[in-house]
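Structure, as structure tokens:
Each chain gets a letter, A, B and so on, in the order its sequence line appears, and its residues count up from 1.
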Amino acid sequence: MKEMKVDPIKDGTVIDHIASGHALQVTEVLNINRFQIVMIGLNLSSNKYGRKDIVKIENKELSESELNTIALISPSATYSIIKNFEVVRKSKVTMPQTIEGLIVCPNPHCVTTVERVPTRFAIETDDPVTVRCEYCEKSYGISEVRIRIHP
Amino acid sequence: MQNLISIRDLEKADIVHYLETATRIESGEIVPDMGDQLAALLFFEPSTRTRFSFETAMKRMGGRTLFMDGTTSTSAKKGESFADTLMTISMYSDIIVIRSAVEGSARYAAETVDIPVINAGDGANQHPTQALLDLYSVRKTQGGLENLTIGLIGDLKFGRTVHSLVQALASFSPRFYFVSPPHLRMPEDICTDLTAHGGQYTEVTDPESIIGELDLMYVTRIQRERFADPEDYERVKDSYVIDSSMLKGVKTNFKVFHPLPRVNEISTDVDGTEYAYYFQQAKNGVVMREAIISILLGDAS
Ligand SMILES: [Zn+2]
């Protein structure tokens with residue numbers, strides 16, 4: 001049987017090798033306007049990972065903070081910049097050492113919760129991702145924290 | 001800008017530098033002069049002991065203090081932001097000592113102002129000056145910090161001082177006994193951190209079984225409020241009380257530590273023994289804080 005494919009895009013970004021089941025979370029955290037076409041592929045077969053998700057977005061370049069957020073959701077993800085149907089750049093998302101502003105600290109006694117202070121988290125381990133608040137110094141698994149949408 | 005915010009920020013060499021400086025101040029080799037310095041003590045949460053210790057330290061060095069507490073001058077009431085309060089205070093003073101129930105507030109203060117900041121306790125998070133005075137006391141009584149066998153007894157789950165002590169001693173090859181009721185055990189991330197730095201620990205429930213092996217025992221209070229069922233509290237509370245009858249057969253260098261205030265977890269019949277060290281420990285807090293202030297204000301040479 002022929003493999004199902006997601007249609008190619010002319011200009012934009014392809015986010016590939018997203019851990020299976022996380023594509024929707026990726027689209028949630030990206031700043032996408034209502035004129036941008038988004039194609040989502042779920043549970044596609046992958047040589048490396050068995051199953052993977054893909055997100056393709058027309059006319060979009062990812063910002064630094066969007067790339068960081070994707071790394072948090074799926075450290076295995078790659079992204080390709082497409083110009084006129086050609087891949088002009090392909091790269092793995094890289095886990096930053098610190099994440100500013102994106103993660104909400106779950107600690108109700110933390111200064112970032114009590115005062116209007118932007119959060120800053122250090123990445124403690126890559127896979128699985130654990131993060132530590134640089135203010136209250138508590139660490140959390142990535143699934144225990146909320147990632148702020150459209151910072 | 002130098003600050004003292006968290007024990008986790010300190011390398012082994014930094015810790016040694018703090019302790020050495022305290023030793024040299026205590027011996028009179030260094031006489032810091034804070035005659036033209038003003039320390040702002042911002043206590044958004046009351047702590048009479050910590051406040052007095054800082055005030056004494058500053059005044060013994062000829063410096064002055066100004067005090068602001070959370071109840072009379074909270075800027076929040078007037079709608080002033082925390083950042084604005086800090087900025088204003090930093091215009092009046094040379095160093096800020098901050099105590100707050102809000103975790104991470106000292107780190108935020110240090111990032112906001114251009115003068116040194118000392119964390120005098122931020123909620124359940126850190127109390128680095130207490131940790132350093134504890135280490136200073138350990139070193140004074142044991143002659144060093146390496147390879148010690150230490151019993152921590154009481155509420156190890158919520159006890160900030162014991163957490164900081166474990167973090168601070170972790171890289172000095174310690175062997176810990178954690179003695180606590182089952183639901184007040186040492187948190188897992190502290191234990192993991194300890195073994196990652198080369199330390200060891202064993203969890204026990206009966207202090208008498210291990211007291212003979214210890215170089216020192218650090219006692220903390222078990223609060224009734226930590227128990228959902230008052231009967232549970234009544235059942236365990238006496239298992240974690242140290243009295244003089246337990247001290248037969250301890251090592252000659254053995255000492256009992258306590259961050260104070262105590263309630264009844266160390267019986268007063270221990271006070272007169274050669275093993276009681278808690279009041280001396282509090283006294284060490286003054287010289288340690290003198291060392292910290294003078295290092296951060298650049299007058300420790
Ligand atoms: Zn936090």
Counting C-beta onward and ignoring hydrogens, is there a side-chain heavy-atom pair between B/Glu103 and A/Asn107 closer than 4.5 Å? yes

Over 12 non-hydrogen atoms of neighbours within 6.0 angstrom of [atom1] in [X]:
{"X": "B/Arg185", "atom1": "CZ", "result": "no"}
{"X": "B/Leu66", "atom1": "CG", "result": "yes"}
{"X": "B/Glu11", "atom1": "CD", "result": "no"}

Separation between [atom1] of [X] and [atom2] of [Y], rounded to the nearest 0.5 Å:
{"X": "B/Arg107", "Y": "A/Thr112", "atom1": "CZ", "atom2": "OG1", "value": "13.0 Å"}
{"X": "A/Glu115", "Y": "B/Ser105", "atom1": "CD", "atom2": "OG", "value": "8.5 Å"}
{"X": "B/Gln126", "Y": "A/Cys136", "atom1": "CD", "atom2": "SG", "value": "11.0 Å"}

For residues A/Tyr135 and B/Glu111, is any side-chain donor paired with an opposing acceptor at under 3.5 Å? yes

Of the listed residues (A/Arg132, A/Glu134, A/Lys138, A/Arg120), which shares the most heavy-atom pairs with chain B below a 4.5 Å separation? A/Arg132

For B/Arg8, is there an ion pair with A/Glu137 - N to carboxylate O distance below 4.0 angstrom? yes

